[in-house]
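Please read the structure below before turning to the comments.
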Amino acid sequence: MSQPEVQMGPNFIRNIIDEDLASGKHQTVITRFPPEPNGYLHIGHAKSICLNFGLASYYRGRCHLRFDDTNPVKEEQEYIDAIKEDVRWLGFEWDEYEFHASDYFETLYAYAEKLVEKDQAFVCDLTPDEMREYRGTLTEPGKQSPFRGRSVEENLDLLRRMRAGEFADGSRVLRAKIDMASPNLNLRDPIIYRILRATHPRTGDAWCIYPMYDFAHGQSDSIEEITHSLCTLEFQDHRPLYDWFCEALEIYHPQQIEFARLNLTYTVMSKRRLLELVNEKHVSGWDDPRMPTLSGMRRRGFPAAAIRTFCERIGVGKSDSVIDMTVLEDCVREELDQSAPRAMGVLRPLKVTITNYPEGASEEFTAPCHPKNPEMGCRTIPFSREIYVDRDDFMEDPPKKFFRLGPDREVRLRYGYIIHCDEIIRDPASGEVTELRCSYDPETGGGKLPEGRKKVKGIIHWVSAAHALPVKVRLYDRLLSVADPAGEKQRDDRELLNPDSLEQIDKALVEPGLATAEPGDAFQFERLGYFVVDAADSEPGRPVFNRVVTLRDTWAKVAEN
RNA sequence: UGGGGUGUAGCCAAGUGGUAAGGCAGCGGACUCUGACUCCGCCAUUCGGGGGUUCAAAUCCUCCCACCCCAGCCA
């Protein structure tokens with residue numbers, strides 16, 4: 001399999017695998033990533049993908065992609081396709097090892113008959129309500145179903161007729177015969193097959209009974225000879241059940257290892273909640289750039305390599321944890337700093353007239369596309385008498401440490417001249433500053449500093465008014481306004497949404513060279529952050545930019561205090 | 001209050017009886033035509049708490065505390 005370079009520090013799962021390899025329990029490592037195709041993949045899945053594919057790559061084994069498609073009422077082909085696209089985008093390849101639990105429906109059914117024949121499963125006619133009553137509670141044992149004593153012959157006949165479609169949906173189920181008094185509720189005669197008339201994305205209407213996840217997952221791992229079956233913590237209680245099935249069915253027994261799922265601050269990770277956000281139109285879709293989905297992050301401009309770095313950096317353990325979103329953002333910055341060409345763009349334009357520059361004249365400055373990577377080449381930036389700078393780079397009454405424009409202050413235009421602010425023009429009605437009138441020093445073009453001239457600390461970005469390309473820019477912020485939504489159980493998710501998660505700027509101005517940028521191209525707008533050309537809403541010559549993430553801003557921290 | 005887990009710095013996380021890795025954040029400094037990047041330095045006498053075993057304990061024993069998961073014909 002061709003996989004990206006996978007870094008992986010020591011962790012408890014590697015320790016277990018090392019022991020298994022050393023003891024001869026296993027000669028090779030076979031893992032699997034087992035999504036249910038009932039939604040889009042999110043960054044939490046990325047943790048599992050990087051772990052499973054990463055381990056396989058580290059030990060030169062292999063990793064299967066298996067769809068756990070046992071519930072046709074929630075699963076769709078759209079999701080199957082999207083999941084495959086996302087896994088590939090993340091950089092992993094499963095070659096011919098693509099499987100579906102539905103591939104095993106016939107085998108699974110045979111397993112069910114085998115259990116019945118061994119008198120370890122029975123058909124139960126209890127209603128869902130009755131079933132709940134019989135199940136008992138966390139502290140009280142359950143009661144045995146009155147149907148538990150049916151003969152093997154009767155059970156086999158009933159099971160076959162279930163499959164043949166003789167009974168109504170929900171009228172009967174097949175249950176394993178284990179122990180209604182077990183303190184582990186999963187062992188209180190769990191349901192293993194239910195009657196469900198729903199069209200399955202892969203098997204169509206071939207079946208009207210479907211295995212429960214618990215009766216499919218472990219056996220699928222067994223059939224595929226998975227050596228180490230990694231899953232999240234909530235399945236620890238199910239492990240004894242999988243053990244019981246493997247033993248009863250006398251089949252190969254994979255080893256399940258549980259790890260803590262990923263939580264990220266200021267977002268949610270459950271497919272149910274993400275689906276709600278989509279359905280209730282709080283976001284534009286699964287791929288809204290604010291979503292923690294892989295498709296959302298892709299559209300947002302997060303490089304796949306950054307997500308891989310992130311998954312490596314957070315490690316893997318068994319304790320519940322919430323990772324700060326800034327860790328992910330830092331991985332994105334690290335990646336983009338190296339790969340993104342630089343450009344200049346002004347988000348909130350403030351007009352500046354260079355009063356001593358000839359009217360109608362213009363010139364071009366040459367600037368490197370990347371300060372540390374000359375191979376990326378240079379671009380030219382037009383300059384003229386009227387330019388725009390960002391409003392944030394001007395203060396009427398600036399503090400001493402503010403190194404930008406202010407009355408009677410000097411600043412360098414990035415790659416251009418040093419200018420001096422001589423005059424402030426205001427809107428007479430509102431008093432708002434509408435223009436700055438400045439003078440430039442002709443000796444300082446292209447970054448030059450004449451002998452004896454004092455260096456200017458402040459350097460700001462700008463665009464030429466006559467040449468700039470007007471573009472739409474969207475500034476994204478955290479989806480939720482609270483860091484840990486799990487700690488806000490009493491509040492509805494909708495109250496937790498950050499009302500300022502999206503800010504649209506209709507008339508930002510960028511370097512003219514950006515007109516030819518292609519969807520997916522990422523740039524660093526110097527001093528502002530990284531921006532990507534939106535893949536869905538851009539048109540040729542009219543790119544729409546999504547802000548991926550801002551640059552680190554130590555000034556912002558200083559300004560807060 | 002049954003069962004299963006987890007607790008090492010602000011956030012992750014190594015560590016498996018020999019005297020607390022690493023990363024991120026933070027702080028201080030250097031460099032800088034991006035207040036970015038990069039670089040250098042600092043940052044747990046202590047491992048949820050109490051007892052105990054040992055020459056030696058984050059690691060072993062014991063009691064306690066906190067948090068998470070489980071009562072879908074979901075996965």
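Just so we're on the same page: letters track the sequence lines, and every chain starts at 1.
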Testing B:G3, B:A14, B:C24 for proximity to the side chain of A:Pro10, the answer is B:A14
May I ask you to check whether A:Phe402 and A:Trp555 place their ring centres under 6.0 Å from each other?
yes
Step by step, work out the salt bridge (Lys or Arg N to Asp or Glu O under 4.0 Å) result for A:Arg348 and A:Asp393.
CA-CA 10 Å; A:Arg348 297 174 181 85; A:Asp393 285 333; over 6 Å; no
Looking only at the aromatic ring of each residue, does the gap between the centers of A:Phe383 and A:Phe365 stay below 6.0 angstrom?
yes
Indicate, yes or no, whether a donor-acceptor pair under 3.5 Å links the base of B:G3 to the side chain of A:Asp237.
yes
Among B:C69, B:C73, B:C12, which nucleotide has an atom closest to any side-chain atom of A:Ile323?
B:C12
Can you find a donor-acceptor pair, distance only, under 3.5 Å between A:Arg404 side chain and B:G35 base?
yes
Counting any heavy atom closer than 4.0 Å, what does A:Gln524 reach on the DNA or RNA strands: base, sugar-phosphate only, or nothing?
base
Both A:Asp553 and A:Asp68 contact RNA chain B. Taking the nearest nucleotide for each, which residue is further toward the 5' end?
A:Asp553
Closest of B:C73, B:G35, B:G5 to the A:Met212 side chain is B:C73
Per atom distances to the A:Arg342 side chain, the nearest of B:A71, B:U34, B:G4 is B:U34
Indicate, with a heavy-atom threshold strictly under 4.0 Å, whether A:Arg313 touches base, sugar-phosphate, or nothing.
sugar-phosphate
Is the closest basic N to carboxylate O distance between A:Glu511 and A:Arg379 below 4.0 Å?
yes
Do A:Tyr210 and A:Phe105 have ring centroids that are under 6.0 Å from one another?
yes
For A:Ile314, which contact category applies under a 4.0 Å heavy-atom criterion: base, sugar-phosphate, or nothing?
sugar-phosphate
Categorize A:Phe525 for me: base, sugar-phosphate, or nothing, with a 4.0 angstrom heavy-atom threshold over every strand shown.
nothing
Taking syn as within 90° of 0 and anti otherwise, name the glycosidic form of B:G72.
syn
Take A:Arg333 and A:Asp69, find for each the nucleotide of RNA chain B with the closest heavy atom, and name the residue whose nucleotide sits nearer the 5' end.
A:Arg333
Tell me what A:Leu126 touches on the nucleic acid: a base, only sugar-phosphate, or nothing, going by heavy atoms under 4.0 Å.
base
How is A:His238 classified with respect to the nucleic acid when contacts are heavy atoms under 4.0 Å: base, sugar-phosphate, or nothing?
base
Looking at B:U32, B:A71, B:U6, which one has an atom nearest to any side-chain atom of A:Lys457?
B:U32
If you only use heavy atoms from C-beta on, which nucleotide in B:A36, B:G5, B:G26 is closest to the side chain of A:Lys557?
B:G26
Could you tell me whether A:Ser182 contacts a base, only the sugar-phosphate backbone, or nothing, with contacts defined as non-hydrogen atoms closer than 4.0 Å?
nothing
Out of B:G3, B:A71, B:U6, whichever nucleotide has its closest atom nearest the side chain of A:Arg132
B:A71
